Amino acid sequence: MTDTDRLISDARRALAVLDDLMFWSEDPGSEAFGARYCLAATLNALDPSVLIPIPKQNPEATAILRIVADWYEDVNDGQGMDASDLVTDLERAGYALPSDEADR
């Protein structure tokens with residue numbers, strides 16, 4: 001068995017364990033999804049005969065996360081930002097928060 005074969009075998013086992021943990025977790029977190037993406041992408045590159053599905057990024061979710069990340073950076077940089085600034089930035093981009101009344 002070559003080093004590449006061992007790497008593929010180990011990565012497949014790690015991916016199976018990670019998938020199992022993510023399945024049973026109520027909230028696996030973005031780190032788990034990121035780790036799964038890295039493992040799947042590596043396996044796909046090393047062994048193109050068996051493609052492992054990698055979820056596509058949702059462009060709208062990516063846009064919202066970029067707004068949140070930018071706001072978070074501003075908060076950490078001490079620019080006097082608060083949650084209302086995040087809501088304003090989201091609304092300007094067309095992502096208004098749902099109202100409490102809509103949930104009733």
Side-chain angles (χ1 to χ4, degrees):
M1 181 180 264
T2 68
D3 287 342
T4 302
D5 292 335
R6 273 192 286 282
L7 177 63
I8 290 171
S9 177
D10 290 346
R12 284 185 190 280
R13 280 196 302 273
L15 187 62
V17 169
L18 185 58
D19 281 344
D20 191 48
L21 289 171
M22 289 172 65
F23 177 79
W24 292 105
S25 175
E26 288 183 26
D27 182 17
S30 61
E31 293 84 6
F33 286 104
R36 190 197 187 287
Y37 176 87
C38 290
L39 276 171
T42 301
L43 280 169
N44 288 343
L46 292 172
D47 187 7
S49 65
V50 180
L51 288 179
I52 297 167
I54 299 174
K56 294 187 180 192
Q57 285 283 47
N58 176 331
E60 190 170 286
T62 302
I64 292 170
L65 288 173
R66 173 56 32 218
I67 292 167
V68 173
D70 290 344
W71 170 83
Y72 185 78
E73 281 182 30
D74 291 343
V75 168
N76 277 345
D77 290 342
Q79 295 188 16
M81 307 287 276
D82 64 15
S84 64
D85 295 306
L86 174 58
V87 172
T88 301
D89 291 346
L90 288 167
E91 287 174 346
R92 280 189 201 139
Y95 303 110
L97 299 179
S99 69
D100 290 337
E101 294 173 7
D103 294 336
R104 294 181 193 169

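Since the model is a prediction, treat every value here as computed from it, not as a measurement. The figures here come from the full heavy-atom set of this structure, side chains too, leaving out hydrogens, waters and symmetry mates.
Atom OH of Tyr95 is surrounded by more than 12 heavy atoms from other residues, nucleotides or ligands within 6.0 Å.
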Output, in order, the C-alpha distance, side-chain angles, deciding distance and verdict of side chain to side chain contact (heavy atoms under 4.5 Å, CB included) for Ile67 and Leu86. CA-CA 8 Å; Ile67 292 167; Leu86 174 58; 4.2 Å; yes

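With rounding to the nearest 0.5 angstrom, the CG atom of Leu90 is 11.0 Å from the CG atom of Asp85. How far CG of Leu15 is from CG of Asp20: 11.0 Å, rounded to the nearest 0.5 Å.
At least one donor-acceptor pair closer than 3.5 Å links the side chain of Trp71 to the backbone N or O of Asp82.
Judged purely by distance below 3.5 Å, without hydrogens or angles, the side chains of Thr2 and Asp5 pair a donor atom with an acceptor atom. Donor-acceptor pairing under 3.5 Å is recorded for the side chains of Ser9 and Arg13.
The pair Arg6-Asp10 fails the salt-bridge criterion, with no side-chain N (NZ, NE, NH1 or NH2) lying under 4.0 Å from an Asp/Glu carboxylate O.
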